[in-house]
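This report concerns only the one structure given below.
Whatever order the structure lists ligands and atoms in, that order sets their numbers, starting from 1.
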Amino acid sequence: MDYKIETQCIHGKEGKIKAHSMGAISMPIYQTATFAHLGIGNSTGYDYSRESNPTREELENIVTSLEGGVDTVACSSGMAAMMICLELFSPGDHILCSDDLYGGSVRAFQTTGTRRGLTFSYVDSSHWEWVEREITKKTKALYIETPSNPTMKITDLSKMRELADRYGLFLIVDNTFLTPYFQNPFAFGADLVIHSGTKFLGGHNDTLAGFLCTSREDLVPKIRYLYKTVGSCLSPFDSFLLLRGIKTLPLRMEKQQENALVIAKWLQNQEKVRQVYYIGLPEHPGHDINLKQSRGFGSMISFSTNTEATARRALEGIKLISYGESLGGVESLMTYPLLQTHGDVPKDTREKLGITETFLRLSVGIENVEDLILDLEKALS
Ligand SMILES: *Cc1c(COP(=O)(O)O)cnc(C)c1O
């Protein structure tokens, strides 16, 4: 029997963690670059830490079990995981993406990806019919974020799988925002799941990490080969920090979501706030589809203010909440997507999405919600 998710976050799927040497409760940090061989043709199972390391392997196993996949590689950042994913494709291949992606993903696609001969196009994937219209003979994959970043659009994953089956495509999902605690894209037929482990999985705004998970046995050797070749692996110490972070993932996700719902409702009633984008609000256009494919809403809120001056005053006025990039940690952060995460997204695309001078993104942490609201109230006044 597999353990439930809260238990798996601490003990792994079958409680294998109990087998640590010396009875260590937490996974020791195997801070070593290389491993001695017992004899010719007789390895301990570990040869060189770029390829595999016991601390990192334990982390990879936990993420695989949380996502319900068959294998995971832990990388030095979310972008590193994505670059390995792009290496699975060949010149001429076309990847069709949600139009509202993490800005760094768009930058990677338009520079490194394009230089490798891949082509990318972007479509509002919350309308599955529009996705189908953009599929060409060259399309090899759908690349989806749900909820999207930063306008929180929801894409129907089952519909994406139907399209992927009909046209023979890979389905790739960036699951950073909801994490496996709330959403398992493999249960809806995804082939690959990408995470920025820097965000909710690490959870403390202190470590960069990324994961590329797969549900396809046939992709495992290819991904492992690329992984050891490219060399963007996660260090033993950072693997330990991620293991430590994941132990409290369920507690943090619940608390952050609880805070986010209170704040989203509060924002809706503020005179200087024009629109609130939070998938936990029943009036959010993707609310019902999200409920069909996930167990929660997470803690990412975007909102627009009445004027640019209000937005700028809010960013400079917050004291408890930090004005900074990133998300998902115990500390609440506010971001100005226009200048930060989405600064490299072309202007017309940005404006079409509504990422304007008045648009702000809030990652809600685990502080006391009344303190957070007081901070926002002062900053918005
Ligand atoms: C942050 C982020 C990434 C990139 O991850 P890094 O760890 O910063 O390299 C990718 N996708 C999403 C949705 C993100 O929020």
Side-chain angles (χ1 to χ4, degrees), residues 59 63 67 72-86 95 97-113 120 122 125 142-155 157 172-183 185 190 192-213 230 232-235 238-239 241-242 245-246 253 256 260 277 279 290 294 297-302 324-329 331-337 340-345 353 355 361-365:
L59 171 64
V63 174
E67 279 295 7
T72 297
V73 290
C75 307
S76 52
S77 69
M79 293 312 298
M82 175 186 302
M83 295 318 286
I84 292 178
C85 180
L86 286 190
I95 300 179
C97 314
S98 302
D99 63 354
D100 183 30
L101 290 184
Y102 174 68
S105 310
V106 178
R107 183 174 58 231
F109 294 165
Q110 295 313 120
T111 54
T112 322
F120 300 85
Y122 304 88
S125 56
L142 302 175
Y143 189 97
I144 305 294
E145 274 182 37
T146 180
S148 66
N149 183 1
T151 65
M152 312 295 162
K153 287 188 283 201
I154 295 295
T155 295
L157 291 176
I172 309 169
V173 179
D174 181 330
N175 201 26
T176 300
F177 271 31
L178 287 183
T179 81
Y181 182 68
F182 283 137
Q183 177 167 272
L192 294 152
V193 166
I194 290 180
H195 279 286
S196 169
T198 313
K199 315 296 169 56
F200 290 98
L201 293 173
H204 294 73
N205 290 318
D206 58 8
T207 316
L208 291 168
F211 298 102
L212 176 62
C213 320
V230 171
S232 49
C233 54
L234 192 65
S235 76
D238 288 349
S239 299
L241 286 175
L242 261 286
I246 289 173
M253 293 304 285
Q256 286 175 265
Y277 306 73
I279 59 173
N290 181 65
S294 79
F297 314 110
S299 70
M300 295 303 299
I301 302 173
S302 292
E325 242 166 278
S326 202
L327 59 108
E331 298 92 354
S332 296
L333 298 178
M334 201 190 280
T335 309
Y336 203 20
Q340 296 181 299
T341 51
H342 290 68
D344 285 339
V345 175
L353 294 169
I355 307 170
R361 194 187 74 186
L362 181 62
S363 170
V364 181

Heavy-atom side-chain contact between Asp100 and Ser125 under 4.5 Å:
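The answer is no; the side chains never approach within 4.5 Å.
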Could you check whether any side-chain heavy atom of Ser148 comes within less than 4.5 Å of a side-chain heavy atom of Thr155, counting everything from C-beta outward?
no
When you measure from the side chain of Ser332 to the backbone of Val364, do you find a donor-acceptor pair of N or O atoms at a distance under 3.5 Å?
no
Would you check if the distance from the ring center of Phe120 to the ring center of Tyr143 is below 6.0 Å?
no
Can you tell me if Leu327 has a non-hydrogen atom under 4.0 Å from ligand 1?
yes
What protein heavy atom sits nearest atom 1 (C) of ligand 1, and how far off is it?
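The closest one turns out to be Lys199 NZ, 1.4 Å.
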What is the closest protein heavy atom to atom 4 (C) of ligand 1, and at what distance does it sit?
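Nearest neighbour among protein heavy atoms for atom 4 (C) of ligand 1, to 0.1 Å: Tyr102 CE2, 3.4 Å.
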If the cut-off is 4.0 Å to any non-hydrogen atom of Gly78, which atoms of ligand 1 fall inside it?
5 (O), 6 (P), 7 (O), 9 (O)
Nearest non-hydrogen contact with atom 11 (N) of ligand 1 belongs to which option: Thr176, Asp174, Leu201?
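Nearest option to atom 11 (N) of ligand 1, by heavy atoms: Asp174.
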Which one holds for Ala209 and ligand 1: side chain close, backbone close, both close, or neither close, with close meaning a heavy atom under 4.0 Å?
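The part of Ala209 near ligand 1 is the backbone, not the side chain.
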Any nitrogen or oxygen of Met79, main chain or side chain, under 3.5 Å from a nitrogen or oxygen of ligand 1?
yes
Could you report the tightest heavy-atom contact between Thr146 and Gln183, atom names first, then the distance?
O-NE2, 3.1 Å
Regarding Asp344 and Arg107, does a basic nitrogen lie under 4.0 Å from an acidic carboxylate oxygen?
yes
